[in-house]
Amino acid sequence: MNKIYKFSAWWMACLVLLSSLTFTACDTNDLDTNQYKGGISLNVFGPSPVLRGGELRFLGCGLDQVASVLIPGCDAITDIQLISAEEIRVIVPQTALPGYVTLMLRNGESIVTKTQLTYSEPVSIESFSPESVRPGDVLTIKGEYLNLMSQVVFAKDVIVSDEMVVEGEEGTTESVNRFLKHTRNEIQVRVPEEAQSGKIILSDGAEIPNRLYSEVELQVVLPSVAEVADYNNIKPGATLTVTGENFDLVKEVRMENGETMLFTYSAEQKALTFTIPCGAVNGPIYVVPASGVLVQVAEIKMATPEDVKAQETEITAGKELTLTGKNMDMIAAVLFPGVEKAVEPTSLSETEVKVVVPGEAQSGMIQLVLTSGETISSLELTVTAPKYCHIADENVLKTNDYFVGEDMVVDVVNIGELAEVRVAGAKVNYTSSGSQLTIPVPETAGHDSSVELISKDGTCKKYTVSFTKVIWEGSSDIGNWGGNQALGWDGYDWSSVQPGTIITVYYTLNTGTTDWQIRLGGCAIGWKELPNIPPASLEAGSTKFSAALTEEDLEVLSRRNPDDNNKMYGLVVTGCNFTMTKVTLK
């Protein structure tokens, strides 16, 4: 490698920030909250002495208006690095001479420094080796007066400093030498993981530093493939493998949308294996080393539904639609004309999708929402609106909680056709407003109760709803394995509860401890846990505990005590370090 730049060694330590001469181009009456003057002005420049071949910085205001920089002994410098309107940088040519520096502005005016620029010599970079490195390799830089340089800067400002201050024990600090070798003629550093290919910079680390650039670029090895792999008809969950070199450097496998995926590396096979995630999209797949450089290793095209057909081209709103074809498991939802929200399938397989047509659906083209988020047009269907009254979106019956003794509010279609409403077999007095139906929920409602909407033409649309019933509410401090028997000894009729009902105990945790436990016990079996609901430890921050009551559990709760007026034994809630606030059945 050719010798690059030199300057006087002892001048290196004498970094001077030089005040500048503000030319008439600066309007000092401008309102400016910046620390510098308003308008166009030069406040400081440096370093001085500076290295020939080093970096010279100018700080001020409006410096984005500088068209060229004039240094004695050099042609006009137009290769100006614009950091911001307050800072520009140029590289000092080897022919530069001492003297005043002039900034030529785009409007033809100029700013001349108050002090002369001086130079330091003969610090130099003579060579570095190896010219191609892997992260973790040792890089050797040879030259003259290298002992005056305290930092090696790799591309993208990845810095290795001669000394790094770190926290020691009990608040003390200690200096850790980051250079492996640091003499007048040689610097050795270990190449950081984050290093990228580019010129090496030596810096003295000052506030406005002397920075010396290498003439040639250091090449940092990246993961690579001989040829980008091409994969078609890919589905989420698919496992793909690519082979190449330096895959041990890979920290992340990433898609074009930024989504990452799990991967494994085989050194023996020089291979990366990764799994395609649910949100995968068409496009490149990159491997990413610690430097953050994206290296494409594959191109994928996701599978899409093909030959999509409906069993009927004319369908009825509220009925289930069946779509068949290939790759149907790539469908995440279906968009119907006139319906703002996409409808998720009720069942899904590789060859078939079933979905309930919303009550507000209209005729025209349906769209398929794929797992990648992409939407494609599919089929043109004629939607026949039913004349009877029905709930617009049956999914709300599963996602919403409806309480016994309170009102159930749902949106319906054809509300004018409604003649009667029954809940758990009992007729109820409903009210309506627009398309909204309000149904009072009777005390007889519970787990898997029926809700019937009977239209004027006699059509009965029947739904199954599990209503939530509050069977106890208050404040009961369980303490250290105390027990609440409010739902025991005829406190509740457990014989009326159906198997499969979900019991939920709500509580607040005692924050003075981390030991929280709960047990649903039977008064008939000496407070022991119910047959199919084991005791549980409660998680920090939790507010409720739920379990399904089996037929065996309910048999224990429904037993009666012949020695105590035949009272039903019932439930005891016990445990430690929580306060019970409510118990519900659903």
Enquirer: Donor-acceptor pair, Ser455 side chain versus Gly458 backbone, under 3.5 Å?
Expert: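 A pair under 3.5 Å: no.
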
Enquirer: State whether the side chain of Thr574 and the backbone N or O of Gly482 hold a donor-acceptor pair below 3.5 Å, judged by distance alone.
Expert: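 Answer holds: yes.
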
Enquirer: Could I get the full list of ring pair (Phe, Tyr, Trp, His ring centres under 6.0 Å) partners for Phe263, not counting sequence neighbours?
Expert: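 Per chain and number, Phe263 pairs via ring pair (Phe, Tyr, Trp, His ring centres under 6.0 Å) with no residue.
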
Enquirer: Decide yes or no for Ile503 and Leu520: does some side-chain heavy atom of the first lie under 4.5 Å from some side-chain heavy atom of the second?
Expert: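 Yes; the side chains approach each other to less than 4.5 Å.
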
Enquirer: Return the CZ to OG1 distance between Phe403 and Thr468, rounded to the nearest 0.5 Å.
Expert: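 Atom-to-atom, Phe403:CZ and Thr468:OG1 are 5.0 Å apart.
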
Enquirer: Give, for atom CG of Leu294 and atom OH of Tyr286, the distance between the pair rounded to the nearest 0.5 Å.
Expert: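 One finds 6.0 Å between CG of Leu294 and OH of Tyr286.
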
Enquirer: Answer yes or no: is there a side-chain heavy-atom contact under 4.5 Å between Phe578 and Thr513?
Expert: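 No - every pair of side-chain heavy atoms lies 4.5 Å or more apart.
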
Enquirer: Using side-chain heavy atoms (C-beta onward) and a distance below 4.5 Å, is Val250 in contact with Tyr265?
Expert: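 Heavy-atom side-chain distance check fails, nothing below 4.5 Å.
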
Enquirer: Please output the side-chain donor-acceptor pairs of residues 579-586 that fall under 3.5 Å, not counting sequence neighbours, one pair per line with the distance.
Expert:
residue	atom	partner	partner atom	Å
Thr581	OG1	Tyr506	O	3.3
Lys586	NZ	Asp401	OD1	2.6

Enquirer: Can a donor-acceptor pair be found, under 3.5 Å and without considering hydrogens, that links the side chain of Arg519 to the backbone of Trp527?
Expert: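 A pair under 3.5 Å: yes.
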
Enquirer: Considering residues at least two apart in sequence or located in another chain, which fulfil the side-chain hydrogen bond (donor to acceptor under 3.5 Å, both in side chains) criterion with Ser542?
Expert: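 Expected list: Tyr507.
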
Enquirer: Run the salt-bridge test on Lys251 and Glu193 with the 4.0 Å N-O cut-off and return the result as yes or no.
Expert: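 Looking at Glu193 together with Lys251, the answer is yes, because their closest N to O distance falls below 4.0 Å.
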
Enquirer: For Ile502, does the CD1 atom sit with more than 12 other heavy atoms under 6.0 Å from it, leaving out its own atoms?
Expert: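 Correct, the count exceeds 12.
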
Enquirer: Do Met255 and Met261 touch side chain to side chain, with heavy atoms closer than 4.5 Å?
Expert: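 Side-chain contact under 4.5 Å: yes.
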
Enquirer: Any pair with a residue in residues 463-475 that passes salt bridge (charged side-chain N to carboxylate O under 4.0 Å, His left out), sequence neighbours left out, goes on the list, sorted by first then second residue, please.
Expert: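 Those involving residues 463-475 do not exist here.
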
Enquirer: Walk me through whether Thr324 and Thr351 qualify under side chain to side chain contact (heavy atoms under 4.5 Å, CB included).
Expert: CA-CA 6 Å; Thr324 60; Thr351 58; over 6 Å; no

Enquirer: Would you list the pairs meeting salt bridge (charged side-chain N to carboxylate O under 4.0 Å, His left out) in which at least one residue belongs to residues 270-290, sequence neighbours left out?
Expert: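 Qualifying pairs, neighbours excluded: Glu245-Lys270.
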
Enquirer: I'd like to check the side-chain hydrogen bond (donor to acceptor under 3.5 Å, both in side chains) partners of Gln485; sequence neighbours left out, ordered by chain and number.
Expert: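 side-chain hydrogen bond (donor to acceptor under 3.5 Å, both in side chains) check on Gln485 returns Trp489.
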
Enquirer: Do any pairs count as a salt bridge (charged side-chain N to carboxylate O under 4.0 Å, His left out) and have a residue in residues 442-460, sequence neighbours left out, and if so which ones?
Expert: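 Residue pairs with at least one partner in residues 442-460: there are none.
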
Enquirer: Scan residues 417-460 for pairs that pass ring pair (Phe, Tyr, Trp, His ring centres under 6.0 Å), counting only residues two or more places apart or in two chains.
Expert: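 Not a single pair qualifies under ring pair (Phe, Tyr, Trp, His ring centres under 6.0 Å).
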
Enquirer: Looking at every non-hydrogen atom in both residues, tell me the closest pair between Ile331 and Pro305 and how far apart they are.
Expert: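 It is CG1-CG, 3.7 Å.
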
Enquirer: Testing the 3.5 Å rule here: is there a donor-acceptor pair between the side chains of Asn327 and Lys235?
Expert: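 Per modelled atom types, Asn327 and Lys235 side chains form a pair under 3.5 Å.
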
Enquirer: Are Val153 and Val158 close enough, and set up right, to give a side chain to side chain contact (heavy atoms under 4.5 Å, CB included), and what steps lead you there?
Expert: CA-CA 6 Å; Val153 184; Val158 175; over 6 Å; no

Enquirer: Ignoring hydrogens, what is the shortest heavy-atom contact between Asn414 and Tyr388? Give both atom names and the distance.
Expert: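 The answer is ND2-O, 3.1 Å.
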
Enquirer: When rounded to the nearest 0.5 angstrom, what distance separates CG in Leu370 from OG1 in Thr375?
Expert: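 Those atoms lie 7.0 Å apart.
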
Enquirer: Quick one: pull up CG in Leu418 and NZ in Lys461 and give me the separation to the nearest 0.5 Å.
Expert: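 If I round to the nearest 0.5 Å, the distance is 14.0 Å.
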
Enquirer: Test side chain to side chain contact (heavy atoms under 4.5 Å, CB included) on Ile285 and Phe274; report intermediate values, then the result.
Expert: CA-CA 10 Å; Ile285 292 178; Phe274 46 88; 3.6 Å; yes

Enquirer: Is the shortest heavy-atom distance from the side chain of Asn282 to the side chain of Ile300 under 4.5 Å?
Expert: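 No, side chains not in contact.
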
Enquirer: Taking only residues at least two apart or on different chains, which pairs with a member in residues 253-265 satisfy salt bridge (charged side-chain N to carboxylate O under 4.0 Å, His left out)?
Expert: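 Applying salt bridge (charged side-chain N to carboxylate O under 4.0 Å, His left out) to every pair that reaches into residues 253-265, excluding sequence neighbours, yields Glu252-Arg254.
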
Enquirer: Show the nearest heavy-atom pair for residues Thr371 and Asp329, with the distance to one decimal.
Expert: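 Thr371 and Asp329 have their closest heavy atoms at CG2-O, 4.2 Å.
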
Enquirer: Does a sphere of radius 6.0 Å around CD in Gln269 hold more than 12 heavy atoms from other residues, nucleotides or ligands, not counting ones at 6.0 Å or beyond?
Expert: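 12 or below, so no.
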
Enquirer: Mind listing the closest non-hydrogen atom pair of Val353 and Met328 along with its distance?
Expert: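 That closest heavy-atom pairing would be CG2-O, 3.5 Å.
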
Enquirer: Output yes when a side-chain donor or acceptor of Tyr492 lies under 3.5 Å from a complementary backbone atom of Leu571, and no otherwise.
Expert: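 The answer is no, because no donor-acceptor pair under 3.5 Å joins these two groups.
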
Enquirer: If you draw a 6.0 Å radius around CG in Asn429, do more than 12 non-hydrogen atoms from other residues or ligands fall strictly inside?
Expert: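 Counting neighbours around CG of Asn429, 12 or fewer heavy atoms of other residues, nucleotides or ligands fall under 6.0 Å, so no.
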
Enquirer: Asp490: which residues meet the side-chain hydrogen bond (donor to acceptor under 3.5 Å, both in side chains) condition with it, sequence neighbours left out?
Expert: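 For Asp490, no residue satisfies side-chain hydrogen bond (donor to acceptor under 3.5 Å, both in side chains) once neighbours in sequence are set aside.
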
Enquirer: Kindly compute the distance separating CG (Leu554) from OG (Ser496), expressed to the nearest 0.5 Å.
Expert: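 Interatomic distance, Leu554 CG to Ser496 OG, rounded to 0.5 Å: 9.5 Å.
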
Enquirer: Would you name the heavy atoms of Val225 and Phe247 that are closest together and state the gap between them?
Expert: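 Residues Val225 and Phe247, closest heavy atoms: CG1-CZ, 3.6 Å.
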
Enquirer: Please tell me if the side chains of Ser291 and Leu222 come closer than 4.5 Å, counting only heavy atoms from C-beta onward.
Expert: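 When only atoms from C-beta onward are counted, Leu222 and Ser291 do touch, with a gap below 4.5 Å.
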
Enquirer: State, yes or no, whether a side-chain contact exists between Val355 and Glu344 at a heavy-atom distance under 4.5 Å.
Expert: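 No; the side chains remain at least 4.5 Å from each other.
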
Enquirer: Walk me through it: do Lys462 and Val451 pass the test side chain to side chain contact (heavy atoms under 4.5 Å, CB included)?
Expert: CA-CA 6 Å; Lys462 189 173 182 179; Val451 175; over 6 Å; no

Enquirer: Donor-acceptor pairs are to be reported for all side-chain atoms of residues 546-553 against protein atoms at under 3.5 Å, with residues two or more places apart or in another chain.
Expert:
residue	atom	partner	partner atom	Å
Ser546	OG	Thr504	OG1	2.8
Thr550	OG1	Asn532	ND2	2.9
Thr550	OG1	Glu552	N	3.4
Thr550	OG1	Asp553	N	3.1
Thr550	OG1	Asp553	OD2	3.0
Glu552	OE1	Asn532	ND2	3.2
Asp553	OD1	Asn532	N	2.9
Asp553	OD2	Thr550	N	3.1

Enquirer: Applying side-chain hydrogen bond (donor to acceptor under 3.5 Å, both in side chains) to Thr273 and Thr241, what does each step give before you reach the verdict?
Expert: CA-CA 4 Å; Thr273 300; Thr241 299; 3.1 Å; yes

Enquirer: Please check if the side chain of Ser558 supplies one atom and the backbone of Glu555 the other of a donor-acceptor pair under 3.5 Å.
Expert: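 Flag not set: sc Ser558 to bb Glu555 has no pair under 3.5 Å.
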
Enquirer: Quick check: do Arg422 and Ile454 have side-chain heavy atoms less than 4.5 Å from each other?
Expert: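 Yes, at least one pair of side-chain atoms sits under 4.5 Å.
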
Enquirer: Taking all non-hydrogen atoms of both residues into account, name the closest pair between Gly522 and Val572 and its distance.
Expert: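 Heavy atoms of Gly522 and Val572 come nearest at N-CG1, 4.1 Å.
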
Enquirer: Could you pull out all residues at least two apart from Gln296 that satisfy side-chain hydrogen bond (donor to acceptor under 3.5 Å, both in side chains)?
Expert: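 For Gln296, the residues satisfying side-chain hydrogen bond (donor to acceptor under 3.5 Å, both in side chains) (neighbours in sequence not counted) are Glu299.
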
Enquirer: Can you tell me how far CD1 of Ile415 sits from OG of Ser432, rounded to the nearest 0.5 angstrom?
Expert: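 Rounded to the nearest 0.5 Å, the OG-CD1 separation comes out at 4.0 Å.
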
